[in-house]
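In what follows, chains are A, B, ... by sequence order, proteins preceding strands, each numbered from 1.
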Number of protein chains: 2
Amino acid sequence: MFYSIGMSTASTKPIGSRERILAVAAERFLAAGYVETSLRDLASDAGMKAGSLYYHYPSKDHLLIAVLERGMEFMADAFERAAESLDGSTDFEMLRAHVEAHLRALHDNRPYTAGHVTLFRTAPQFVRESIVPLRDHYESLWTALLVRLLPERSSKEITMLRLGLVGAMNASIDWLDTERGDVGPFANLIAEQFWFGASSGGGHGDEARATKEKP
Amino acid sequence: MFYSIGMSTASTKPIGSRERILAVAAERFLAAGYVETSLRDLASDAGMKAGSLYYHYPSKDHLLIAVLERGMEFMADAFERAAESLDGSTDFEMLRAHVEAHLRALHDNRPYTAGHVTLFRTAPQFVRESIVPLRDHYESLWTALLVRLLPERSSKEITMLRLGLVGAMNASIDWLDTERGDVGPFANLIAEQFWFGASSGGGHGDEARATKEKP
DNA sequence: GTCTATACTTGGATAGAC
DNA sequence: GTCTATCCAAGTATAGAC
(Lines give C-alpha, C1' and ligand atoms only; values in the text may rest on other atoms or scores of the structure.)
Protein backbone atom coordinates (compact mmCIF):
# COMPACT_ATOMS: atom_id res chain seq x y z
CA MET A 1 0.00 0.00 0.00
CA PHE A 2 1.15 3.47 -0.84
CA TYR A 3 0.90 6.44 1.40
CA SER A 4 -1.64 8.63 -0.26
CA ILE A 5 -0.22 12.12 -0.12
CA GLY A 6 0.47 13.33 -3.61
CA MET A 7 0.83 9.86 -5.01
CA SER A 8 -2.31 9.70 -7.12
CA THR A 9 -0.69 10.44 -10.44
CA ALA A 10 2.74 11.34 -11.66
CA SER A 11 1.52 14.83 -12.47
CA THR A 12 1.25 15.95 -8.84
CA LYS A 13 4.70 16.58 -7.53
CA PRO A 14 5.58 13.40 -5.67
CA ILE A 15 6.73 13.70 -2.12
CA GLY A 16 10.36 12.83 -1.54
CA SER A 17 11.12 9.31 -0.42
CA ARG A 18 12.71 10.46 2.75
CA GLU A 19 9.64 12.40 3.76
CA ARG A 20 7.28 9.64 2.66
CA ILE A 21 9.13 7.11 4.76
CA LEU A 22 8.87 9.43 7.73
CA ALA A 23 5.13 9.79 7.22
CA VAL A 24 4.40 6.08 6.99
CA ALA A 25 6.68 5.42 9.93
CA ALA A 26 4.81 7.90 12.10
CA GLU A 27 1.53 6.31 11.09
CA ARG A 28 2.62 2.75 11.67
CA PHE A 29 4.55 3.36 14.86
CA LEU A 30 1.51 5.02 16.33
CA ALA A 31 -0.97 2.42 15.16
CA ALA A 32 1.03 -0.72 15.82
CA GLY A 33 3.86 0.30 18.11
CA TYR A 34 7.56 0.64 17.48
CA VAL A 35 8.80 -2.89 18.01
CA GLU A 36 5.74 -4.45 16.42
CA THR A 37 6.44 -2.54 13.22
CA SER A 38 9.04 -4.18 11.00
CA LEU A 39 11.15 -2.41 8.45
CA ARG A 40 9.52 -4.64 5.89
CA ASP A 41 6.15 -3.18 6.90
CA LEU A 42 7.44 0.34 6.55
CA ALA A 43 9.07 -0.36 3.22
CA SER A 44 5.87 -1.87 1.93
CA ASP A 45 3.87 1.17 3.00
CA ALA A 46 6.37 3.48 1.39
CA GLY A 47 6.39 1.50 -1.84
CA MET A 48 9.87 0.04 -1.68
CA LYS A 49 11.86 -2.81 -0.17
CA ALA A 50 13.36 -3.02 3.25
CA GLY A 51 16.96 -2.67 2.21
CA SER A 52 16.24 0.58 0.43
CA LEU A 53 15.29 2.31 3.65
CA TYR A 54 18.91 2.37 4.66
CA TYR A 55 19.74 4.75 1.90
CA HIS A 56 17.62 7.36 3.73
CA TYR A 57 17.97 6.49 7.41
CA PRO A 58 20.87 4.78 9.12
CA SER A 59 18.72 2.65 11.44
CA LYS A 60 15.23 2.04 12.72
CA ASP A 61 16.06 3.95 15.88
CA HIS A 62 17.02 7.02 13.91
CA LEU A 63 13.76 6.83 12.07
CA LEU A 64 11.85 6.91 15.33
CA ILE A 65 13.94 9.81 16.51
CA ALA A 66 13.06 11.72 13.36
CA VAL A 67 9.35 11.08 13.94
CA LEU A 68 9.46 12.24 17.54
CA GLU A 69 11.54 15.30 16.70
CA ARG A 70 9.07 16.32 14.07
CA GLY A 71 6.26 15.96 16.57
CA MET A 72 7.96 18.13 19.15
CA GLU A 73 8.67 20.77 16.52
CA PHE A 74 4.99 20.95 15.68
CA MET A 75 4.09 21.39 19.32
CA ALA A 76 6.69 24.01 20.12
CA ASP A 77 5.90 25.99 16.97
CA ALA A 78 2.22 26.01 17.84
CA PHE A 79 2.94 27.23 21.34
CA GLU A 80 5.12 30.05 20.16
CA ARG A 81 2.70 31.11 17.47
CA ALA A 82 -0.07 31.21 20.07
CA ALA A 83 2.10 33.33 22.33
CA GLU A 84 2.24 36.10 19.76
CA SER A 85 -0.66 38.51 19.62
CA LEU A 86 -1.84 37.84 23.13
CA ASP A 87 -0.55 40.98 24.78
CA GLY A 88 -3.83 42.53 25.79
CA SER A 89 -5.46 39.31 26.88
CA THR A 90 -6.73 38.32 30.29
CA ASP A 91 -5.04 35.52 32.11
CA PHE A 92 -7.78 33.11 31.27
CA GLU A 93 -7.80 34.05 27.62
CA MET A 94 -4.10 33.42 27.49
CA LEU A 95 -4.46 30.02 29.06
CA ARG A 96 -7.33 29.12 26.79
CA ALA A 97 -5.43 30.13 23.67
CA HIS A 98 -2.49 27.93 24.58
CA VAL A 99 -4.69 25.01 25.47
CA GLU A 100 -6.38 25.28 22.12
CA ALA A 101 -3.06 25.62 20.34
CA HIS A 102 -1.76 22.51 22.06
CA LEU A 103 -4.84 20.48 21.24
CA ARG A 104 -4.95 21.67 17.68
CA ALA A 105 -1.29 20.94 17.07
CA LEU A 106 -1.71 17.58 18.75
CA HIS A 107 -4.60 16.52 16.55
CA ASP A 108 -3.66 18.24 13.30
CA ASN A 109 -0.32 16.43 13.20
CA ARG A 110 -1.54 13.34 14.90
CA PRO A 111 0.85 10.66 13.72
CA TYR A 112 3.86 12.68 14.81
CA THR A 113 2.57 14.32 17.96
CA ALA A 114 0.50 11.49 19.35
CA GLY A 115 3.44 9.25 18.69
CA HIS A 116 5.34 11.43 21.09
CA VAL A 117 2.76 10.81 23.79
CA THR A 118 2.41 7.13 23.09
CA LEU A 119 5.86 6.00 22.07
CA PHE A 120 8.26 8.03 24.14
CA ARG A 121 7.87 6.05 27.31
CA THR A 122 8.59 2.74 25.65
CA ALA A 123 11.21 3.91 23.19
CA PRO A 124 14.77 2.55 23.33
CA GLN A 125 16.97 4.45 25.72
CA PHE A 126 19.10 5.88 22.95
CA VAL A 127 16.00 7.33 21.33
CA ARG A 128 14.68 8.80 24.57
CA GLU A 129 17.96 10.49 25.33
CA SER A 130 18.01 12.08 21.93
CA ILE A 131 14.58 13.60 22.40
CA VAL A 132 14.87 14.78 25.99
CA PRO A 133 16.26 18.23 25.13
CA LEU A 134 13.33 19.00 22.84
CA ARG A 135 10.93 17.69 25.43
CA ASP A 136 12.48 19.81 28.14
CA HIS A 137 12.20 22.86 25.97
CA TYR A 138 8.51 22.36 25.37
CA GLU A 139 7.88 21.76 29.05
CA SER A 140 9.73 24.93 29.91
CA LEU A 141 7.38 26.92 27.71
CA TRP A 142 4.41 25.69 29.73
CA THR A 143 6.20 26.19 33.00
CA ALA A 144 6.94 29.79 32.11
CA LEU A 145 3.33 30.39 31.15
CA LEU A 146 1.99 28.94 34.38
CA VAL A 147 4.49 30.83 36.49
CA ARG A 148 3.32 33.99 34.83
CA LEU A 149 -0.34 33.16 35.39
CA LEU A 150 0.09 31.84 38.91
CA PRO A 151 2.93 33.84 40.46
CA GLU A 152 2.09 32.90 44.03
CA ARG A 153 2.44 29.14 43.45
CA SER A 154 5.53 27.25 44.49
CA SER A 155 7.64 25.71 41.79
CA LYS A 156 6.63 22.27 42.94
CA GLU A 157 3.00 23.20 42.59
CA ILE A 158 3.65 24.67 39.17
CA THR A 159 5.23 21.44 38.08
CA MET A 160 2.34 19.39 39.35
CA LEU A 161 -0.21 21.66 37.76
CA ARG A 162 1.63 21.60 34.47
CA LEU A 163 1.84 17.84 34.40
CA GLY A 164 -1.79 17.55 35.29
CA LEU A 165 -2.87 19.98 32.61
CA VAL A 166 -0.69 18.52 29.91
CA GLY A 167 -1.69 15.04 30.99
CA ALA A 168 -5.34 15.93 30.66
CA MET A 169 -4.84 17.43 27.23
CA ASN A 170 -2.79 14.53 25.97
CA ALA A 171 -5.29 12.02 27.23
CA SER A 172 -7.56 13.34 24.51
CA ILE A 173 -5.62 11.50 21.80
CA ASP A 174 -7.24 8.30 22.96
CA TRP A 175 -10.79 9.38 22.40
CA LEU A 176 -11.26 12.86 20.96
CA ASP A 177 -12.38 12.17 17.43
CA THR A 178 -11.73 15.25 15.36
CA GLU A 179 -13.87 14.08 12.48
CA ARG A 180 -14.54 17.65 11.59
CA GLY A 181 -11.69 18.78 13.72
CA ASP A 182 -13.45 21.12 16.08
CA VAL A 183 -11.33 21.01 19.16
CA GLY A 184 -12.59 24.42 20.24
CA PRO A 185 -15.32 23.27 22.62
CA PHE A 186 -13.03 20.80 24.26
CA ALA A 187 -10.31 23.41 24.62
CA ASN A 188 -12.83 25.59 26.40
CA LEU A 189 -13.88 22.84 28.72
CA ILE A 190 -10.31 21.95 29.63
CA ALA A 191 -9.20 25.53 30.13
CA GLU A 192 -12.32 26.39 32.08
CA GLN A 193 -12.02 23.39 34.31
CA PHE A 194 -8.35 24.01 34.91
CA TRP A 195 -8.80 27.66 35.69
CA PHE A 196 -12.17 27.94 37.38
CA GLY A 197 -12.76 24.36 38.46
CA ALA A 198 -15.37 21.81 37.51
CA SER A 199 -17.70 22.83 40.31
CA SER A 200 -18.29 26.29 38.88
CA GLY A 201 -20.62 25.02 36.23
CA GLY A 202 -20.66 27.99 33.92
CA GLY A 203 -21.07 31.13 35.98
CA HIS A 204 -17.83 32.98 35.51
CA GLY A 205 -17.85 35.44 32.73
CA ASP A 206 -18.94 35.10 29.15
CA GLU A 207 -15.50 34.82 27.67
CA ALA A 208 -15.09 31.46 29.30
CA ARG A 209 -17.99 30.04 27.34
CA ALA A 210 -17.77 32.22 24.30
CA THR A 211 -17.35 29.45 21.76
CA LYS A 212 -18.56 26.64 23.91
CA GLU A 213 -22.25 26.64 23.21
CA LYS A 214 -23.19 28.04 19.88
CA PRO A 215 -26.94 27.72 19.59
CA MET B 1 18.13 -12.66 40.15
CA PHE B 2 15.39 -13.73 42.45
CA TYR B 3 12.36 -11.70 43.26
CA SER B 4 12.84 -10.81 46.85
CA ILE B 5 9.47 -11.33 48.48
CA GLY B 6 9.68 -14.07 51.00
CA MET B 7 12.66 -15.70 49.39
CA SER B 8 15.30 -14.89 51.96
CA THR B 9 15.33 -18.24 53.69
CA ALA B 10 13.38 -21.43 53.48
CA SER B 11 11.81 -20.63 56.81
CA THR B 12 9.55 -17.84 55.55
CA LYS B 13 6.73 -19.36 53.60
CA PRO B 14 7.87 -19.06 49.98
CA ILE B 15 5.53 -17.42 47.55
CA GLY B 16 4.01 -19.74 45.00
CA SER B 17 5.71 -19.90 41.62
CA ARG B 18 2.63 -18.73 39.82
CA GLU B 19 2.40 -15.61 41.94
CA ARG B 20 6.12 -14.98 41.78
CA ILE B 21 6.08 -15.15 38.00
CA LEU B 22 3.23 -12.67 37.95
CA ALA B 23 5.15 -10.28 40.18
CA VAL B 24 8.35 -10.33 38.15
CA ALA B 25 6.35 -10.03 34.94
CA ALA B 26 4.56 -6.92 36.18
CA GLU B 27 7.88 -5.44 37.19
CA ARG B 28 9.68 -6.21 33.95
CA PHE B 29 6.83 -5.37 31.63
CA LEU B 30 6.57 -1.97 33.24
CA ALA B 31 10.29 -1.28 33.31
CA ALA B 32 11.25 -2.60 29.91
CA GLY B 33 8.03 -2.97 27.96
CA TYR B 34 6.10 -6.05 26.92
CA VAL B 35 7.80 -6.99 23.66
CA GLU B 36 11.21 -6.02 24.91
CA THR B 37 10.87 -8.50 27.76
CA SER B 38 11.69 -12.05 26.81
CA LEU B 39 10.43 -15.14 28.53
CA ARG B 40 14.03 -15.92 29.28
CA ASP B 41 14.25 -12.65 31.21
CA LEU B 42 11.14 -13.45 33.19
CA ALA B 43 12.26 -16.97 33.91
CA SER B 44 15.61 -15.70 35.08
CA ASP B 45 13.95 -13.20 37.41
CA ALA B 46 11.68 -15.87 38.77
CA GLY B 47 14.50 -18.33 39.33
CA MET B 48 13.68 -20.85 36.67
CA LYS B 49 14.09 -21.58 32.97
CA ALA B 50 11.95 -20.32 30.14
CA GLY B 51 10.25 -23.57 29.34
CA SER B 52 9.04 -23.95 32.90
CA LEU B 53 6.86 -20.88 32.65
CA TYR B 54 4.47 -22.79 30.46
CA TYR B 55 3.52 -25.01 33.31
CA HIS B 56 1.91 -21.97 34.96
CA TYR B 57 0.73 -19.80 32.07
CA PRO B 58 -0.29 -20.89 28.61
CA SER B 59 1.40 -18.00 26.79
CA LYS B 60 3.11 -14.68 27.18
CA ASP B 61 -0.10 -12.90 26.27
CA HIS B 62 -2.00 -14.60 29.06
CA LEU B 63 0.66 -13.52 31.47
CA LEU B 64 0.18 -9.91 30.47
CA ILE B 65 -3.56 -10.29 30.81
CA ALA B 66 -3.10 -11.60 34.33
CA VAL B 67 -0.94 -8.60 35.22
CA LEU B 68 -3.41 -6.08 33.86
CA GLU B 69 -6.36 -7.82 35.47
CA ARG B 70 -4.65 -7.71 38.81
CA GLY B 71 -4.01 -4.02 38.38
CA MET B 72 -7.62 -3.25 37.58
CA GLU B 73 -8.75 -5.24 40.58
CA PHE B 74 -6.56 -3.14 42.85
CA MET B 75 -8.02 0.04 41.41
CA ALA B 76 -11.64 -1.00 41.59
CA ASP B 77 -11.27 -2.35 45.11
CA ALA B 78 -9.73 0.90 46.25
CA PHE B 79 -12.53 2.92 44.72
CA GLU B 80 -15.21 0.86 46.37
CA ARG B 81 -13.52 0.91 49.73
CA ALA B 82 -13.27 4.68 49.51
CA ALA B 83 -16.94 4.91 48.65
CA GLU B 84 -17.89 3.37 51.98
CA SER B 85 -18.05 5.66 55.00
CA LEU B 86 -18.47 8.84 53.02
CA ASP B 87 -22.16 9.40 53.67
CA GLY B 88 -21.99 12.64 55.57
CA SER B 89 -19.27 14.19 53.44
CA THR B 90 -19.38 17.30 51.34
CA ASP B 91 -19.06 16.99 47.59
CA PHE B 92 -15.48 18.13 47.65
CA GLU B 93 -14.55 15.76 50.45
CA MET B 94 -16.00 12.92 48.47
CA LEU B 95 -14.04 13.85 45.39
CA ARG B 96 -10.87 14.27 47.36
CA ALA B 97 -11.23 10.91 49.04
CA HIS B 98 -11.60 9.15 45.72
CA VAL B 99 -8.70 11.00 44.18
CA GLU B 100 -6.53 9.98 47.07
CA ALA B 101 -7.76 6.40 46.87
CA HIS B 102 -6.95 6.27 43.18
CA LEU B 103 -3.49 7.72 43.63
CA ARG B 104 -2.72 5.50 46.58
CA ALA B 105 -3.86 2.36 44.81
CA LEU B 106 -1.93 3.42 41.75
CA HIS B 107 1.34 3.89 43.59
CA ASP B 108 1.01 1.19 46.22
CA ASN B 109 0.61 -1.50 43.60
CA ARG B 110 2.75 0.17 41.06
CA PRO B 111 3.96 -2.66 38.87
CA TYR B 112 0.43 -3.86 38.24
CA THR B 113 -1.48 -0.59 38.09
CA ALA B 114 1.04 1.54 36.28
CA GLY B 115 1.43 -1.31 33.86
CA HIS B 116 -2.20 -0.79 33.08
CA VAL B 117 -1.60 2.84 32.21
CA THR B 118 1.58 2.22 30.27
CA LEU B 119 1.02 -1.10 28.58
CA PHE B 120 -2.62 -1.16 27.66
CA ARG B 121 -2.36 1.03 24.62
CA THR B 122 0.40 -1.01 23.02
CA ALA B 123 -0.76 -4.44 24.13
CA PRO B 124 -1.71 -7.06 21.53
CA GLN B 125 -5.31 -6.80 20.45
CA PHE B 126 -6.24 -10.07 22.07
CA VAL B 127 -4.96 -8.78 25.40
CA ARG B 128 -6.77 -5.47 25.12
CA GLU B 129 -10.05 -7.12 24.33
CA SER B 130 -9.72 -9.36 27.33
CA ILE B 131 -9.49 -6.57 29.83
CA VAL B 132 -11.82 -4.03 28.28
CA PRO B 133 -14.72 -5.17 30.48
CA LEU B 134 -12.73 -4.54 33.65
CA ARG B 135 -11.64 -1.18 32.33
CA ASP B 136 -15.18 -0.22 31.48
CA HIS B 137 -16.30 -1.15 34.94
CA TYR B 138 -13.73 1.06 36.60
CA GLU B 139 -14.57 3.96 34.32
CA SER B 140 -18.23 3.57 35.14
CA LEU B 141 -17.47 4.00 38.83
CA TRP B 142 -15.90 7.38 38.14
CA THR B 143 -18.65 8.38 35.77
CA ALA B 144 -21.25 7.64 38.41
CA LEU B 145 -19.37 9.68 40.97
CA LEU B 146 -19.02 12.69 38.70
CA VAL B 147 -22.65 12.53 37.65
CA ARG B 148 -23.59 12.62 41.30
CA LEU B 149 -21.29 15.54 42.02
CA LEU B 150 -22.11 17.49 38.85
CA PRO B 151 -25.73 16.70 38.04
CA GLU B 152 -26.19 19.62 35.68
CA ARG B 153 -23.40 18.55 33.33
CA SER B 154 -24.13 16.81 30.06
CA SER B 155 -22.96 13.25 29.67
CA LYS B 156 -20.43 14.36 27.10
CA GLU B 157 -19.01 16.87 29.53
CA ILE B 158 -18.93 14.25 32.25
CA THR B 159 -16.93 11.98 29.98
CA MET B 160 -14.47 14.70 29.12
CA LEU B 161 -14.06 15.73 32.73
CA ARG B 162 -13.56 12.15 33.81
CA LEU B 163 -10.90 11.53 31.18
CA GLY B 164 -9.15 14.73 32.08
CA LEU B 165 -9.17 13.97 35.77
CA VAL B 166 -8.08 10.37 35.40
CA GLY B 167 -5.49 11.42 32.85
CA ALA B 168 -4.06 13.96 35.25
CA MET B 169 -3.91 11.43 38.07
CA ASN B 170 -2.35 8.74 35.91
CA ALA B 171 0.25 11.14 34.57
CA SER B 172 1.69 11.08 38.07
CA ILE B 173 3.20 7.64 37.55
CA ASP B 174 5.87 9.25 35.41
CA TRP B 175 7.21 11.53 38.04
CA LEU B 176 5.56 11.28 41.47
CA ASP B 177 8.21 9.62 43.57
CA THR B 178 6.56 8.07 46.58
CA GLU B 179 9.79 7.53 48.42
CA ARG B 180 7.94 7.77 51.67
CA GLY B 181 4.66 7.35 49.91
CA ASP B 182 2.91 10.52 50.92
CA VAL B 183 0.50 11.06 48.09
CA GLY B 184 -1.79 13.10 50.35
CA PRO B 185 -0.55 16.56 49.37
CA PHE B 186 -0.69 15.72 45.71
CA ALA B 187 -4.19 14.31 46.09
CA ASN B 188 -5.22 17.60 47.63
CA LEU B 189 -3.68 19.61 44.86
CA ILE B 190 -5.34 17.54 42.15
CA ALA B 191 -8.74 17.49 43.80
CA GLU B 192 -8.58 21.16 44.62
CA GLN B 193 -7.52 22.12 41.15
CA PHE B 194 -10.18 19.96 39.59
CA TRP B 195 -12.94 21.23 41.81
CA PHE B 196 -12.10 24.86 42.50
CA GLY B 197 -9.67 25.62 39.69
CA ALA B 198 -6.03 26.57 39.67
CA SER B 199 -6.76 30.28 39.76
CA SER B 200 -8.30 30.14 43.21
CA GLY B 201 -4.99 29.83 44.93
CA GLY B 202 -6.10 28.70 48.34
CA GLY B 203 -9.04 30.78 49.45
CA HIS B 204 -11.94 28.40 49.48
CA GLY B 205 -12.56 26.77 52.79
CA ASP B 206 -10.25 25.07 55.19
CA GLU B 207 -11.27 21.56 54.37
CA ALA B 208 -9.69 21.92 50.97
CA ARG B 209 -6.28 22.47 52.50
CA ALA B 210 -6.74 20.53 55.69
CA THR B 211 -3.92 18.07 55.14
CA LYS B 212 -2.03 20.07 52.59
CA GLU B 213 0.22 22.14 54.75
CA LYS B 214 1.00 20.64 58.10
CA PRO B 215 3.42 22.97 59.82
C1' DG C 1 7.40 -28.70 38.66
C1' DT C 2 11.45 -27.83 36.51
C1' DC C 3 15.05 -29.00 33.23
C1' DT C 4 17.42 -29.52 28.49
C1' DA C 5 17.21 -29.38 23.71
C1' DT C 6 15.40 -27.83 19.77
C1' DA C 7 11.99 -26.56 16.04
C1' DC C 8 10.33 -22.66 13.84
C1' DT C 9 9.73 -17.76 12.83
C1' DT C 10 10.89 -13.14 12.37
C1' DG C 11 13.56 -9.11 12.45
C1' DG C 12 17.49 -5.68 11.74
C1' DA C 13 21.14 -4.91 9.03
C1' DT C 14 24.74 -5.46 5.10
C1' DA C 15 26.73 -6.28 0.25
C1' DG C 16 26.70 -5.74 -4.25
C1' DA C 17 24.04 -5.77 -8.72
C1' DC C 18 21.37 -2.69 -11.56
C1' DG D 1 17.92 5.19 -5.41
C1' DT D 2 16.19 0.84 -5.36
C1' DC D 3 16.49 -4.22 -5.62
C1' DT D 4 17.82 -9.08 -4.41
C1' DA D 5 20.03 -12.12 -1.51
C1' DT D 6 21.75 -13.25 2.69
C1' DC D 7 23.81 -13.21 7.51
C1' DC D 8 23.04 -13.42 12.14
C1' DA D 9 20.63 -12.83 16.38
C1' DA D 10 16.69 -13.43 19.27
C1' DG D 11 12.31 -14.89 20.48
C1' DT D 12 8.08 -18.04 21.44
C1' DA D 13 6.72 -22.31 22.04
C1' DT D 14 6.97 -27.57 22.27
C1' DA D 15 8.62 -32.38 23.62
C1' DG D 16 10.23 -35.33 26.61
C1' DA D 17 13.60 -36.51 30.43
C1' DC D 18 14.03 -36.28 35.40
Side-chain angles (χ1 to χ4, degrees), chain A residues 1-3 5-7 10 13-29 31-68 119 122-128 130, chain B residues 1-3 5-7 10 13-29 31-67 119 122-127 130:
Chain A
M1 306 236 183
F2 283 74
Y3 193 68
I5 292 181
M7 290 294 294
K13 178 170 126 261
I15 217 173
S17 287
R18 190 185 157 83
E19 197 64 22
R20 195 172 68 252
I21 292 167
L22 193 65
V24 300
E27 206 93 49
R28 273 260 186 183
F29 287 165
Y34 178 66
V35 271
E36 292 89 343
T37 301
S38 71
L39 293 180
R40 290 168 174 85
D41 291 335
L42 294 181
S44 160
D45 284 1
M48 55 175 59
K49 301 292 171 142
S52 312
L53 296 173
Y54 286 85
Y55 178 82
H56 301 280
Y57 294 92
S59 79
K60 194 186 175 190
D61 278 1
H62 284 84
L63 192 41
L64 177 56
I65 289 174
V67 169
L68 297 176
L119 300 169
T122 59
Q125 190 183 9
F126 165 65
V127 174
R128 282 202 310 275
S130 302
Chain B
M1 303 231 186
F2 282 75
Y3 194 70
I5 292 180
M7 291 294 293
K13 178 168 126 261
I15 217 174
S17 287
R18 190 184 157 84
E19 196 65 23
R20 195 171 67 251
I21 292 167
L22 193 66
V24 300
E27 206 94 48
R28 275 260 187 182
F29 287 164
Y34 178 65
V35 272
E36 291 89 343
T37 301
S38 71
L39 294 179
R40 290 172 175 84
D41 291 335
L42 295 182
S44 160
D45 285 1
M48 55 177 59
K49 301 292 173 159
S52 312
L53 296 173
Y54 285 85
Y55 177 83
H56 301 280
Y57 294 92
S59 80
K60 196 185 173 189
D61 278 1
H62 284 84
L63 192 41
L64 177 56
I65 290 174
V67 169
L119 300 168
T122 58
Q125 190 182 7
F126 165 64
V127 174
S130 300

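Along DNA chain D, read 5' to 3', the first and last nucleotides having any atom under 4.0 Å from a heavy atom of chain B are dG11(D) to dT14(D).
Heavy-atom minimum distance, T37(A) versus A32(A): OG1-CB, 3.8 Å.
Contact of the V127(B) side chain with the L119(B) side chain is not registered, since no non-hydrogen atoms from C-beta on lie closer than 4.5 Å. Within the 4.5 Å cutoff, no side-chain heavy atoms of D61(B) are placed close to those of S130(B).
Here the CG atom belonging to L53(A) is positioned 5.0 Å from the CD1 atom belonging to I21(A), to the nearest 0.5 angstrom.
When rounded to the nearest whole Å, the span between CZ of R40(B) and P of dA5(C) equals 13 Å. Across the protein-nucleic acid pair, L42(A) atom CG and dA13(C) atom P stand 12 Å apart, rounded to whole Å. Y54(B) has its OH atom 19 Å from the P atom of dA5(C), to the nearest Å. Between L39(B) atom CG and dA7(C) atom C1' there is a gap of 16 Å when expressed in whole angstrom units. dA15(C) atom C1' lies 16 Å from atom CG of L53(A), rounded to whole Å.
Comparing K60(A) and H56(B) by the nucleotide of DNA chain C whose heavy atom lies nearest to each, the residue mapping closer to the 5' end is H56(B).
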Practice task
Quick one: do Y34(A) and T122(A) satisfy side chain to side chain contact (heavy atoms under 4.5 Å, CB included)? Show the steps, please.
Solution key: CA-CA 9 Å; Y34(A) 178 66; T122(A) 59; 6.0 Å; no
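Checked against a 6.0 Å centroid threshold, the rings of H62(A) and Y54(A) do not count as neighbours.
Base engagement by K49(A) is indicated by at least one non-hydrogen atom pair under 4.0 Å involving a base atom.
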